[in-house]
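All values reported here derive from a predicted model rather than from experimental measurement. So that the names make sense, note that chain A is the first sequence line, chain B the second, and so on, each numbered from 1.
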Protein chains: 2
Amino acid sequence: MTDDCPPTTDGKCPVETALELIDGKWKGVALFHLLDKTLRFNEIRRRIPNVTQRVLTRQLRELEQDGLIIRTVYAEVPPRVEYRLSPLGETLRPIIVALWNWGTAYKARQIEESEAA
Amino acid sequence: MTDDCPPTTDGKCPVETALELIDGKWKGVALFHLLDKTLRFNEIRRRIPNVTQRVLTRQLRELEQDGLIIRTVYAEVPPRVEYRLSPLGETLRPIIVALWNWGTAYKARQIEESEAA
DNA sequence: CGGTATCCTGTAAGATACTG
DNA sequence: CAGTATCTTACAGGATACCG
């Protein structure tokens, strides 16, 4: 089964295809926060310390172009821009949740190890 | 629930932590092939066209350092080096499989769209 | 067979400043 | 508030050649 990897149309393994879409230092985390609810730009930013405005903007735009999130601009002053998962993005939910669970367990393991010192 | 993201020990969201470990252009695919069985270096290489020896070597070593795979060197001539998932790496299986399924569905959708033209 | 050793290039990410 | 506009830099990835 795992051998039907390469010979797809584009010669890419589906695993590679999937990972490419969330490749970007902050994309996974951004998607994670959007699992909960629609968020405004600065709301996302506040949840991701260390990301710069420029980088976050770009990554969100790429997610939008790839059809994973929907960006809605409200013609108001001051401007309001909301981001939410698209239907396609919703299908990523189990994966994002699985990553969160895995990462959480991984961290717990790290802590145990350091305490065993 | 999704708000307990930042305030972990290292300030990183678990999603970010998990993604960092499989961040590397070919790591996900390499792990995918190792789901099936233990593979020798060139066996992995053959399954991943376009990856250079140098890069594949480095990514496998990083996976090893992160405890996701186990590298075994047999003192033979010619040399034989086998790679297999570690117990920790095994815990990634559901995620890798989910990525494969997702990527496969995504590609199918792309094809449908292009045919609708 | 399974690597190193060099060298090179593109680009993702970051810092900083400005804007409708 | 939610962005652009510039500029800079590190480094992942790749090409090529050689080795025990």
With sequence neighbours left out, write down each residue that passes side chain to side chain donor-acceptor pair (under 3.5 Å) with A:Thr91, or none if nothing qualifies. B:Trp102
Would you jot down, in residue-number order, the residues of residues 21-28 of chain B having a non-hydrogen atom under 4.0 Å from DNA chain C? none
Do the non-hydrogen side-chain atoms of B:Ile22 and B:Leu92 ever get within less than 4.5 Å of each other? yes
Specify the residues of residues 51-76 of chain B, ordered by number, for which at least one heavy atom lies under 4.0 angstrom from an atom of DNA chain C. B:Gln53, B:Arg54, B:Thr57, B:Arg61, B:Arg71
Using a 4.0 Å cut-off to any heavy atom of chain A, which nucleotides of DNA chain D are the first and last in contact, reading 5' to 3'? D:dC1 to D:dC7
Sequence-distant partners of A:Thr17, side-chain contact (heavy atoms from CB on, under 4.5 Å), two or more places apart: A:Asp10, A:Lys12, B:Tyr106, B:Lys107
Sorted by chain and residue number, the salt bridge (charged side-chain N to carboxylate O under 4.0 Å, His left out) partners of A:Arg93 (sequence neighbours excluded) come out as A:Glu90
Please table the atom pairs, donor to acceptor, closer than 3.5 Å between any side-chain atom in residues 109-116 of chain A and protein atoms at least two apart or in another chain.
from	atom 1	to	atom 2	distance (Å)
A:Ser114	OG	A:Ile111	O	2.8

Provide the full list of salt bridge (charged side-chain N to carboxylate O under 4.0 Å, His left out) pairs with a residue in residues 58-71 of chain B, sequence neighbours left out, each pair given once. B:Lys27-B:Glu62
Give a yes or no on whether A:Tyr83 and A:Val73 share a hydrophobic cluster (residues Ile, Leu, Val, Met, Phe, Trp, Tyr; joining criterion: side-chain heavy atoms under 4.5 Å apart). yes
Could you list the residues that satisfy side-chain contact (heavy atoms from CB on, under 4.5 Å) with B:Asn42, not counting sequence neighbours? B:Arg45, B:Arg46
Determine to 10° how strongly the helix from C:dC1-D:dG20 to C:dG20-D:dC1 is bent, judged from the axes of its five-pair ends. 60°
Under the side-chain contact (heavy atoms from CB on, under 4.5 Å) rule, collect the residues that match up with A:Glu76, sequence neighbours excluded. A:Tyr74, A:Arg80
Any heavy-atom pair between the side chains of A:Asn50 and A:Trp26 that's under 4.5 Å? yes
Interatomic distance, B:Ile69 atom CD1 to B:Ile44 atom CD1 [nearest 0.5 angstrom]: 6.5 Å
Sequence neighbours excluded, the answer for side chain to side chain donor-acceptor pair (under 3.5 Å) partners of B:Glu43 is none
